[in-house]
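Both counts, for ligands and for their atoms, begin at 1 and track the order of listing. The figures that follow rest on heavy atoms only: side chains count, while hydrogens, waters and symmetry mates do not.
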Amino acid sequence: MLTVRAPATSANLGSGFDVFGVALETPADVVRVERASETRITVTGAGSQYIPEDPNKNTVGAVAEALDAPAHIEIDKGIRPSSGLGSSAASAAGAALALNALYDRGLSRTELVPIAAEGEALVSGEAHSDNVAPSLLGGFTIVSGDHVTQVDTSIPVVVCLPDQSVSTRDARGVVPDSAALEDVVETVGNAATLTVGMTQNDPELVGCGMNDAIVTPKRSALIDGYDRVHEAALEAGATGVTVSGAGPGILAVCEERDQREVAGAMVDAFDALGVTSRAYQTRIGDGARLYQD
Ligand SMILES: Nc1ncnc2c1ncn2[C@@H]1O[C@H](COP(=O)(O)OP(=O)(O)OP(=O)(O)O)[C@@H](O)[C@H]1O
Ligand SMILES: N[C@@H](CCO)C(=O)O
């Protein structure tokens with residue numbers, strides 16, 4: 001039996017819709033695999049009652065199919081589904097790494113990115129790789145067409161998860177078909193600033209580069225209390241705040257010294273609106289880790 005711990009991720013970071021992603025130190029999914037004649041899946045843990053065990057409906061089933069690697073696959077969910085923390089992608093990334101090793105397929109982590117993205121196509125209708133890439137490779141990733149660039153970094157972040165769910169499929173439905181040139185110019189400038197911030201491990205620069213006037217305003221309207229939580233996080237010292245992935249999680253970047261204050265302010269702001277939430281004080285971290293039992 002092989003075991004993989006695959007980390008949660010936060011995609012988009014505002015200015016990098018469908019392009020940017022980061023791996024988070026916590027939370028994570030644990031995926032265990034064992035060779036079998038046909039794929040069977042069991043799911044336990046956070047939100048497991050909402051996750052199908054049918055291989056044709058679970059992201060790991062699509063990965064097993066793509067690698068031609070049938071297995072008994074146990075998923076212990078540490079990442080709640082429909083959270084904006086790349087829950088479906090973490091399972092897919094974990095399964096890709098584990099099954100690649102179990103069947104000696106010899107693919108590199110970068111080569112596993114499009115295979116894990118098959119799982120994302122199953123649940124959201126499109127094979128976007130901005131969650132599976134950081135879950136496999138760690139750090140900050142840039143997905144552009146078939147090309148993935150990775151940067152190691154350890155910026156502190158807070159992800160606040162309200163007790164509400166938004167499916168990626170629904171959140172993709174509100175993305176505008178076109179954008180004004182001035183908004184595109186502003187977003188490109190921000191994305192470039194954020195990228196330099198990641199390479200310099202600089203929370204101030206990363207935060208400055210998170211604003212996006214195209215997708216985030218539409219997405220944030222799906223999250224009860226977003227504006228208040230956004231404002232509270234900035235007042236508490238966050239350098240940038242945006243929707244995590246497709247939401248409803250909200251991502252704040254900050255200096256380590258402000259992390260506790262930012263987390264408390266976000267939870268309190270949701271609380272004042274009658275919304276229960278949980279804040280993860282974490283940082284950008286490593287990709288999936290493989291253990292031989
Ligand atoms: N192994 C899996 N883990 C989690 N969700 C899964 C899995 N397989 C299928 N699903 C389905 O995928 C959907 C959750 O995926 P979705 O992309 O909407 O959320 P997410 O991964 O938390 O968000 P985001 O991609 O915005 O970070 C749910 O409908 C869930 O039932
Ligand atoms: N880039 C994707 C990430 C969520 O899976 C989106 O925002 O729809």
Side-chain angles (χ1 to χ4, degrees), residues 4 6-24 27-33 39 41-65 73-96 98-99 116-135 141-144 159 161-162 164-176 191 212 214-216 218-220 222-223 242-251 280:
V4 169
T9 51
S10 183
N12 304 331
L13 298 145
S15 57
F17 177 68
D18 273 0
V19 173
F20 292 162
V22 289
L24 305 176
D29 279 5
V30 175
V31 179
R32 294 190 184 84
V33 298
T39 295
I41 299 167
T42 56
V43 188
T44 54
S48 53
Q49 67 274 33
Y50 305 114
I51 302 175
E53 294 185 330
D54 178 347
N56 296 314
K57 295 184 177 152
N58 193 300
T59 56
V60 305
V63 172
E65 176 85 27
I73 306 174
E74 295 172 16
I75 309 169
D76 186 5
K77 297 295 301 178
I79 314 162
R80 202 189 80 190
S82 303
S83 59
L85 291 183
S87 175
S88 52
S91 293
L99 293 171
E118 291 294 320
E120 291 294 74
L122 185 76
V123 295
S124 72
E126 286 170 65
H128 52 266
S129 305
D130 51 348
N131 287 109
V132 291
S135 193
T141 55
I142 303 170
V143 176
S144 180
V159 188
L161 202 54
Q164 182 191 345
S165 66
V166 172
S167 85
T168 302
R169 199 180 276 271
D170 292 348
R172 291 188 84 79
V174 303
V175 174
D212 143 61
I214 302 168
V215 178
T216 310
K218 303 284 180 202
R219 287 277 182 83
S220 59
L222 302 177
I223 305 170
T242 192
V243 177
S244 180
I250 301 178
L251 174 77
Y280 292 92

Give every pair formed by an N or O atom of ligand 1 and a protein N or O atom closer than 3.5 Å, one pair per line with both atom names and the distance to 0.1 Å, or write none.
residue: ligand 1; atom: 1 (N); partner: Asn58; partner atom: OD1; Å: 3.0
residue: ligand 1; atom: 1 (N); partner: Thr59; partner atom: OG1; Å: 3.4
residue: ligand 1; atom: 1 (N); partner: Ser91; partner atom: OG; Å: 3.1
residue: ligand 1; atom: 3 (N); partner: Lys77; partner atom: NZ; Å: 2.9
residue: ligand 1; atom: 8 (N); partner: Asn58; partner atom: OD1; Å: 3.4
residue: ligand 1; atom: 8 (N); partner: Thr59; partner atom: N; Å: 3.1
residue: ligand 1; atom: 15 (O); partner: Ser88; partner atom: OG; Å: 3.3
residue: ligand 1; atom: 17 (O); partner: Ser88; partner atom: OG; Å: 3.3
residue: ligand 1; atom: 17 (O); partner: Thr168; partner atom: OG1; Å: 2.7
residue: ligand 1; atom: 18 (O); partner: Thr168; partner atom: N; Å: 3.0
residue: ligand 1; atom: 18 (O); partner: Thr168; partner atom: OG1; Å: 3.2
residue: ligand 1; atom: 19 (O); partner: Ser82; partner atom: N; Å: 3.2
residue: ligand 1; atom: 21 (O); partner: Ser87; partner atom: N; Å: 3.0
residue: ligand 1; atom: 21 (O); partner: Ser88; partner atom: N; Å: 3.0
residue: ligand 1; atom: 21 (O); partner: Ser88; partner atom: OG; Å: 2.9
residue: ligand 1; atom: 22 (O); partner: Ser82; partner atom: N; Å: 3.0
residue: ligand 1; atom: 22 (O); partner: Ser83; partner atom: N; Å: 2.9
residue: ligand 1; atom: 22 (O); partner: Ser83; partner atom: OG; Å: 3.2
residue: ligand 1; atom: 22 (O); partner: Ser87; partner atom: N; Å: 3.4
residue: ligand 1; atom: 25 (O); partner: Asn131; partner atom: OD1; Å: 3.4
residue: ligand 1; atom: 25 (O); partner: Thr168; partner atom: OG1; Å: 3.4
residue: ligand 1; atom: 26 (O); partner: Thr168; partner atom: OG1; Å: 3.3
residue: ligand 1; atom: 26 (O); partner: Ala246; partner atom: N; Å: 3.0
residue: ligand 1; atom: 27 (O); partner: Gly84; partner atom: O; Å: 3.4
residue: ligand 1; atom: 27 (O); partner: Leu85; partner atom: N; Å: 3.2
residue: ligand 1; atom: 27 (O); partner: Gly86; partner atom: N; Å: 2.6
residue: ligand 1; atom: 31 (O); partner: Tyr50; partner atom: O; Å: 2.8

Can you tell me how far the [atom1] atom of [X] sits from the [atom2] atom of [Y], to the nearest 0.5 Å?
X: Phe17; Y: Thr216; atom1: CZ; atom2: OG1; value: 9.5 Å
X: Leu99; Y: Glu65; atom1: CG; atom2: CD; value: 12.0 Å
X: Ile41; Y: Ile73; atom1: CD1; atom2: CD1; value: 5.0 Å
X: Asp170; Y: Ser82; atom1: CG; atom2: OG; value: 8.5 Å

| query | To the nearest 0.1 Å, how far is atom 8 (O) of ligand 2 from its closest protein heavy atom, and which atom is that? | reply |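 That would be Arg172 NH1, 2.6 Å.
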| task | Can you pull out the closest protein heavy atom to atom 3 (C) of ligand 2? Residue, atom name and distance to 0.1 Å, please. | result |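 Looking at atom 3 (C) of ligand 2, the protein heavy atom closest to it is Asn131 OD1, 3.6 Å.
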| Applying side-chain hydrogen bond (donor to acceptor under 3.5 Å, both in side chains), which residue pairs with at least one partner in residues 10-19 are found, sequence neighbours left out? |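 Output for this query lists Ser10-Ser244, Asp18-Arg172.
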What part of [X] sits under 4.0 Å from ligand 2 if we count only heavy atoms: the side chain, the backbone, both or neither?
X: Asp18; value: both
X: Asn12; value: side chain
X: Val175; value: neither

| request: Might you confirm whether atom CD of Gln164 has over 12 heavy atoms from other residues, nucleotides or ligands at distances under 6.0 Å? | output: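 Counting other residues, nucleotides and ligands, CD of Gln164 exceeds 12 neighbours.
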| query | Got a sec, which residues hit side chain to side chain donor-acceptor pair (under 3.5 Å) with Thr39, two or more places apart in sequence or on another chain? | reply |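 If we apply the side chain to side chain donor-acceptor pair (under 3.5 Å) test to Thr39, skipping adjacent residues, there are no hits.
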| field | Sequence-distant partners of Thr59, side chain to side chain donor-acceptor pair (under 3.5 Å), two or more places apart | value |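 In terms of side chain to side chain donor-acceptor pair (under 3.5 Å), with neighbours along the sequence ignored, Thr59 is linked to no residue.
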Close-contact set for ligand 2 against [X] heavy atoms, below 4.0 Å:
X: Asp130; answer: 1 (N), 2 (C), 3 (C)
X: Arg219; answer: 6 (C), 7 (O), 8 (O)
X: Thr168; answer: 4 (C), 5 (O), 8 (O)

| task | Please name the pair of heavy atoms, one in Phe20 and one in Asp130, separated by the smallest distance, quoted to 0.1 Å. | result |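 Where Phe20 meets Asp130 most closely, the heavy atoms are O-CB, 3.7 Å.
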| Distance-minimising heavy-atom pair for Lys77 and Ser88 |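 Minimum heavy-atom separation between Lys77 and Ser88: NZ-N, 4.5 Å.
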| task | State whether the shortest distance between N or O atoms of His128 and N or O atoms of ligand 2 falls below 3.5 angstrom. | result |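 Yes.
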